Number of protein chains: 2
Amino acid sequence: MGTGWCQRITNRSRALGVKAMKKVQKKERQKYLEKHSISELFSFPVEEYIEVHEYRRDEWIIREGMRPDYLYYVIEGKAKIYMTYQNGKVSLINFINAHDYIGEMELLNEVYYTKGIQTSTKTVCFAIPLHHCRNQMLGDIIFLRELTKFLSMKATQMAAKYSQSLAFPLENRLADFILQTADGDIYREKHVTVCDFLGVSYRHLLHVLANFCEKGYLHKSGRQYWIEDRERLQELAGVSRNG
Amino acid sequence: MGTGWCQRITNRSRALGVKAMKKVQKKERQKYLEKHSISELFSFPVEEYIEVHEYRRDEWIIREGMRPDYLYYVIEGKAKIYMTYQNGKVSLINFINAHDYIGEMELLNEVYYTKGIQTSTKTVCFAIPLHHCRNQMLGDIIFLRELTKFLSMKATQMAAKYSQSLAFPLENRLADFILQTADGDIYREKHVTVCDFLGVSYRHLLHVLANFCEKGYLHKSGRQYWIEDRERLQELAGVSRNG
DNA sequence: AAAATAATATGAGAAATCTCATATTTTTGA
DNA sequence: TCAAAAATATGAGATTTCTCATATTATTTT
């Protein structure tokens with residue numbers, strides 16, 4: 001993926017630098033624990049063991065290929081899941097938001113190829129150390145039921161995205177994406193991220209966006225787009241959704 | 001999807017006919033239960049409640065949009081997961097094989113859009129009635145741990161397929177698919193199924209297959225293809241896989 | 001065994017999407 | 001604050017993939 005690819009690589013290698021996650025301690029840690037209590041998700045006193053990790057923008061929570069030592073639960077921020085192919089191609093697989101788990105695959109499966117996870121904003125996670133809590137978690141009915149739900153939704157969502165990606169041209173997928181990520185009537189995701197996520201070239205993404213403007217679905221002003229014809233976008237997006 | 005689409009629709013509507021699943025009883029039921037014991041997957045005596053359902057080729061185990069009354073565990077046979085879009089387009093999402101669960105989404109989630117599941121060979125399932133066992137299953141640590149593993153693998157697999165589908169042209173995905181489904185050196189999946197699964201038109205699939213023959217990767221004889229250059233196919237497929 | 005249906009097959013033009021080249025503007029890091 | 005890197009932007013030709021048209025061959029149903 002010509003241009004897009006290079007841009008991504010340089011971006012990512014930059015981020016391999018010396019930044020480091022910060023362990024939040026004492027009072028501040030306590031504040032987070034109180035504000036986002038997750039004790040009801042466990043039947044053992046997990047809060048004793050929880051570390052609070054704070055990551056800056058573009059930091060890696062997990063490096064691709066390295067097994068994490070924690071199960072993470074995101075309480076603030078956004079991150080992206082990346083995966084590198086053998087030919088060096090890098091692809092954005094999904095977004096991670098507050099209330100998502102990270103590292104649950106590694107908790108459950110002995111054998112698992114770990115994907116890379118990079119923050120896209122400042123991100124705060126609860127980090128539950130596996131060496132202390134692994135067995136307790138795997139024997140905790142409340143937690144497992146919770147995790148099972150999370151995973152089933154994740155699997156469903158991926159399945160939907162997968163067949164959607166195969167079955168429809170960018171026009172439909174982009175309409176869907178715009179509606180999902182727009183802030184009110186304003187859409188302003190970064191093109192480089194989006195073309196990565198939707199698996200199309202930068203060039204083509206711009207082409208279809210321009211096309212949307214021409215047709216009056218969007219109006220471009222500076223670096224952002226106003227949604228002008230929501231109905232039409234919903235129609236385009238709807239085609240690719242199921243009941 | 002012109003031709004392909006029509007072919008599929010007619011195929012599917014035919015299968016909406018009067019066939020019906022058969023409940024296997026008594027001795028035969030007992031035989032299945034003994035041969036494929038799943039009691040170690042549960043900590044309650046699930047076998048009392050299990051029904052054994054037998055489906056013929058092309059029967060629907062679950063109709064799209066209808067919540068099932070059972071959690072199924074496949075013990076013999078193969079099936080396909082389908083999903084219909086609002087514009088009538090139908091897409092094959094995945095294959096189901098022995099030892100897969102069916103209906104776990106509905107067990108876990110109150111709200112879930114049920115996909116259609118159609119057998120492609122004679123298929124035998126254990127059917128665990130939800131109205132009897134739902135609560136017991138959701139409180140069963142052994143079962144939940146098992147299910148969680150299953151779901152995590154499913155989610156991972158979908159994620160891999162998804163990004164693969166976006167990131168590579170048919171050439172790579174088809175090479176992968178051929179290697180995965182070939183019986184020794186012989187490949188003979190039905191084109192209509194394959195183009196559905198890989199999300200490409202029938203025409204294009206044939207085109208790429210012909211291309212593989214031209215280049216000497218495959219040799220066509222009658223209705224099947226011999227793998228002539230496995231290494232090259234692995235190379236093509238490998239590119240799209242991760243460590 | 002005949003008729004109907006599904007699957008396979010192939011050509012040709014059109015649409016979607018990619019690659020490459022290159023320029024400008026914005027953001028980031030030293 | 002200045003240089004480097006990243007993001008945005010646009011044109012043009014090349015590839016991939018789709019649609020439509022139309023035959024032929026297998027399989028299923030009657």
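To find a chain, count down the sequence lines: A is the first, B the second, and so on, and within it residues start at 1. Everything quoted here is computed from the prediction, not taken from an experiment.
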Specify whether W60(B) and Y82(B) have parallel, tilted or perpendicular ring planes, treating 30° as the upper limit for parallel and 60° as the lower limit for perpendicular.
tilted
Quick one: L206(B) CG to dT19(D) C1', roughly how many Å, whole number?
15 Å
Close N or O pairs between protein and nucleotides 23-27 of chain C (under 3.5 Å):
none

May I ask you to decide if the ring planes of Y72(B) and Y55(B) are parallel, tilted or perpendicular, using 30° and 60° as cut-offs?
perpendicular
Check whether any side-chain heavy atom of H53(A) sits under 4.5 Å from a side-chain heavy atom of K23(A), and report yes or no.
yes
Taking it one step at a time, do E104(B) and S152(A) satisfy side chain to side chain donor-acceptor pair (under 3.5 Å)?
CA-CA 8 Å; E104(B) 76 286 354; S152(A) 74; over 6 Å; no
Sort out for me which residue in F197(A), Y225(A), F168(A) forms a ring-ring contact (aromatic ring centres under 6.0 Å, His included) with F177(A).
F197(A)
Atom-pair distance (CZ on R203(A); C1' on dG13(D)), nearest Å:
12 Å
Closest to the 5' end of DNA chain C, once T193(B) and L205(A) are matched to their nearest nucleotides, is T193(B)
Just to verify, what does D229(A) make a side-chain hydrogen bond (donor to acceptor under 3.5 Å, both in side chains) with, not counting sequence neighbours?
none
Separation of dA16(C) P from L166(A) CG (nearest whole Å)
17 Å
With a 4.0 Å cut-off on heavy atoms, is H191(A) in touch with a base, just the backbone sugar-phosphate, or nothing at all?
sugar-phosphate
D196(A) CG to dT8(D) P, in whole Å, measures 12 Å
